[in-house]
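Reading through the structure tokens given below for one structure.
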Amino acid sequence: MRIATFLLDGKRQVGQVSADGQQIVPFQLSAESAQRGALPLIETLAAGGSLPPLAGAPIALSAVKLEAPLPVPRRNIWCVGRNYEAHAKELQASVFKGNDANPVSWPIVFTKVPECVVGPHDEVQLPGAAASEQIDYEAELAVVIGKGGKNISRAEALSHVFGYTVVNDVTARDVQMRHQQWDMGKSFDTFCPMGPWIVTADELDGTRTRVRCWVNGELRQDGPTENLIFDIPTLIETISRGITLYPGDVISTGTPAGVGLGMKPPCFLKSGDVVRIEIDGLGVIENKFV
Ligand code: MG
């Protein structure tokens with residue numbers, strides 16, 4: 001099932017996307033619940049309840065404005081750094097300085113603030129030279145947690161996955177490197193395009209899909225998720241050690257090689273650039289940087 005959050009006539013709703021991707025049928029939700037996007041549905045299912053009924057006639061997808069499926073996540077988005085070997089190599093002299101010679105036994109985990117989430121076709125704001133001149137893209141598969149839990153084992157981890165969505169982990173490289181901790185450089189306003197919907201885990205195996213990214217039509221990133229250094233069960237096991245994961249938590253799994261910082265010379269985003277990310281079996285997000 002594909003669950004999308006959308007605006008129609010200025011009103012936020014949540015719906016189920018048809019199998020052909022052409023239409024959407026809204027769920028019967030109060031306006032207040034719909035403000036939180038797909039989150040109330042995930043919470044209800046995690047608590048053992050069932051989905052609300054569908055209400056009304058199908059609406060053409062072309063007639064609505066898709067928003068992020070979780071337009072305001074319940075808390076920071078978990079993110080993973082250095083999780084594809086080729087990407088770790090391309091940034092070993094800059095972002096991953098100092099640890100390139102050692103075998104890595106634990107993932108790098110950081111977060112993005114929830115307020116930086118925008119929709120799958122929204123504009124991303126370049127912050128201006130005073131804040132950063134090194135804005136970069138990172139195409140990523142993101143896991144959406146269903147049933148929450150703490151100290152979740154690797155073996156149990158996939159049973160805690162509700163579904164998957166696409167995230168662009170937009171990054172201000174100079175700010176990322178300047179502050180040691182990455183959260184600031186990852187959390188500028190609009191720096192987390194997400195969407196176009198959540199595909200539930202019964203329809204997509206996130207451990208075996210493919211992440212691709214184009215900038216102005218040029219293919220830059222192309223990585224199978226089988227190549228994750230720390231796979232999805234390991235990430236869930238690691239992050240839930242001592243920390244309770246909640247329904248609707250998002251874990252973005254890291255980006256394949258091909259980011260702008262890794263190019264020779266580095267090539268950062270400028271106004272008018274369009275970044276398109278596609279994940280097989282999931283969908284496409286496409287955002288203009290302005
Ligand atoms: Mg990333």
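Counting starts at 1 for both ligands and their atoms, following the listed order.
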Worksheet item: Looking at the Mg ion (ligand 1), which N/O/S atom of E140 is the nearest one?
Response: OE2
Discussion item. Side chains of S252 and E140 only: does a donor on one sit below 3.5 Å from an acceptor on the other?
Written reply: yes
Worksheet item: Between T171 and D136, do the side chains contain an N or O donor and an N or O acceptor separated by less than 3.5 Å?
Response: no
Item to complete: Have a look at D169 and say which of its N, O or S atoms is nearest the Mg ion (ligand 1).
Response: OD2
Item to complete: Kindly confirm or rule out a cation-pi arrangement of R220 over Y137, judged by NZ or CZ under 6.0 Å from the six-membered ring centre and within 45° of its axis?
Response: no
Item to complete: Among D231, T234, I229, find the residue that satisfies the side chain to side chain contact (heavy atoms under 4.5 Å, CB included) test when tested with N83.
Response: I229
Worksheet item: Of all the N, O or S atoms in E138, which one sits nearest to the Mg ion (ligand 1)?
Response: OE1
